Protein chains: 2
Amino acid sequence: MDVRSQILVEAIRLFAAQGFQGTSVQEIADAVGIRKPSLLYHFPSKEALRQCALDEILSRWNDVLPNLLLIATRDQRFDKVMEALTDFFLEDPDRARVVMREMLDRPEDMQRRIITFVRPWIDVIADQLEKAKAKGTVQGDVDTHAYAISVVNMVVAGVAVIDNLGAALPGDAGAKPARERYVRELVRIARRSLYQPVS
Amino acid sequence: MDVRSQILVEAIRLFAAQGFQGTSVQEIADAVGIRKPSLLYHFPSKEALRQCALDEILSRWNDVLPNLLLIATRDQRFDKVMEALTDFFLEDPDRARVVMREMLDRPEDMQRRIITFVRPWIDVIADQLEKAKAKGTVQGDVDTHAYAISVVNMVVAGVAVIDNLGAALPGDAGAKPARERYVRELVRIARRSLYQPVS
DNA sequence: CCTACCGATCGGTAGG
DNA sequence: CCTACCGATCGGTAGG
């Protein structure tokens, strides 16, 4: 792996754990094993490093997005879409943490990214849900746009703090790992609040 | 209002917007209109200020909690409990932002607070839900603990970034404010994923 | 509650 | 990719 990629990996890890302001360029350089000015040769400023770290995460999301939209458009396989969404963030929870932090730290910046980046595919999914609503598969009072965004936000926020939430569960020693319980329940909540009961 | 309270108000506002590391003691002192050493007379360190800011939020939560548990225990009025929960954070979204930031910045610290502070009343609510499950009012496959925690997390995270999420909605000019749409949909999701359909 | 001041660390640059 | 160094700001203290 080249130095630039190593820098991005360590930056995302540290930004996720300590935040952007809570992480110094020195710390990232130490983690990579180079000197601070060497890092600033690859990224002209700490701010540039922030943008690149976020782009890195969003571009990986773009890798899974086409496949996800294909599934959603073709046969509305809800479980598959939710699985792709949860898998993406569970694969590296730091992604969820960085995204949550950016939404808190830079709301205007993140709103811009959301408009150009998230809204298009939210619109596609909402369209599908509207069709399903007309057919009667989906419950009539679902606010399809607000629903889709809320579910995405629930997954991102849930994964970002998933290990914290474990502390709120009763500590059954032999029980299923807390992570799995939460993810399963999140998916259940999203599904059950969407579809018309089959009865 | 005394100086100490003013400091806490400004600290919570700035911590919510910029984070703890992103806010300097100088900034808070400026916002209050005093010098930095004067602030450090009231709070011995920035770290002490953080703890007090969080205690302030949690103690306000303790004001509404007994009433909330009474409602939940007496007649399981789900909508009233959800209303108390959403109202508390919507009343000042900075509360939600500070809590989310603390969960990200200080996971071990926050886990401790969750165990002593959140878990007891989550247990009470989960107990109520188990009884309702036995009666058949609540759906059989609900993981009551994971459900209660997930709903709380959904509300906290949703309110924390509620203005960001507006950017993902189509911009119907005359439409209902984005905030209200989101809150309404969050409550619908929570309710519908819990109860057995009346059919 | 203030003025004056501390060492440490910050992001970033010069120059090679 | 390094050494050497910059001004600015950080949290905090002394002393009144």
Side-chain angles (χ1 to χ4, degrees), chain A residues 1-57 94 97-98 101-110, chain B residues 1-57 94 97-98 101-110:
Chain A
M1 193 163 52
D2 63 334
V3 188
R4 204 188 139 87
S5 303
Q6 282 183 56
I7 294 172
L8 279 176
V9 166
E10 299 299 335
I12 290 174
R13 189 176 60 82
L14 287 164
F15 289 164
Q18 310 176 342
F20 178 74
Q21 306 259 20
T23 304
S24 65
V25 176
Q26 185 71 64
E27 273 181 290
I28 302 169
D30 287 349
V32 176
I34 58 175
R35 306 289 173 182
K36 188 174 59 165
S38 310
L39 189 154
L40 289 166
Y41 162 78
H42 292 284
F43 298 90
S45 71
K46 193 189 180 188
E47 182 56 34
L49 184 51
R50 157 189 240 151
Q51 302 291 345
C52 290
L54 202 54
D55 286 343
E56 168 74 16
I57 292 171
D94 283 346
R97 296 185 189 114
V98 169
R101 283 186 183 280
E102 283 294 311
M103 288 205 287
L104 293 165
D105 287 346
R106 296 275 190 114
E108 6 30 78
D109 239 60
M110 209 57 188
Chain B
M1 193 164 52
D2 64 334
V3 189
R4 204 188 138 88
S5 303
Q6 281 183 56
I7 294 172
L8 278 176
V9 166
E10 298 300 334
I12 289 174
R13 189 176 59 82
L14 288 165
F15 289 164
Q18 310 175 342
F20 178 75
Q21 306 260 18
T23 303
S24 65
V25 176
Q26 184 70 66
E27 273 181 290
I28 302 169
D30 287 349
V32 176
I34 59 176
R35 306 290 174 182
K36 189 175 58 169
S38 310
L39 190 154
L40 289 165
Y41 162 76
H42 293 283
F43 297 90
S45 71
K46 193 188 179 187
E47 181 57 33
L49 184 51
R50 157 189 239 150
Q51 302 291 346
C52 289
L54 202 55
D55 286 343
E56 169 73 15
I57 292 171
D94 283 347
R97 296 187 189 112
V98 169
R101 283 186 182 281
E102 283 293 312
M103 288 205 286
L104 293 166
D105 286 346
R106 297 274 188 113
E108 9 25 83
D109 239 60
M110 209 58 189

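These figures come from a predicted structure and were not determined experimentally. Residue numbers begin at 1 in each chain, while the letters A, B, ... track the order of the sequences.
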Pair assignment for DNA chain C - dot-bracket with | for other-strand partners, Watson-Crick or G-U under 3.5 Å: ||||||||||||||||

Closest non-hydrogen atom pair, A:Arg4 against A:His42: NH1-O, 3.6 Å

Closest to the B:Arg35 side chain, choosing from D:dT3, D:dC1, C:dT3: C:dT3

Donor-acceptor contacts under 3.5 Å from residues 25-34 of chain B side chains, at least two apart:
| unit_1 | atom_1 | unit_2 | atom_2 | d |
| --- | --- | --- | --- | --- |
| B:Gln26 | NE2 | B:Asp30 | OD1 | 3.2 |
| B:Glu27 | OE1 | B:Ser24 | N | 3.1 |

Donor on one side chain, acceptor on other, A:Glu10 and A:Gln6, under 3.5 Å: no

Salt-bridge present (B:Asp55, B:Arg50; N to O < 4.0 Å): no

Check: B:Leu49 and B:Leu39 side chains under 4.5 Å, non-hydrogen atoms: yes

Protein-nucleotide distance (A:Phe43, atom CZ; D:dC1, atom C1'), rounded to Å: 15 Å

Reading 5' to 3' through nucleotides 4-16 of chain C, protein heavy-atom contacts under 4.0 Å coded B for base, S for sugar-phosphate only, - for none: B-----SBBB---

B:Met110 side chain reached by B:Pro107 side chain, heavy atoms, under 4.5 Å: no

Under-4.0 Å salt bridge between B:Glu56 and B:Arg13: no

Side chain proximity check, A:Asp105 to A:Gln21, heavy atoms < 4.5 angstrom: no

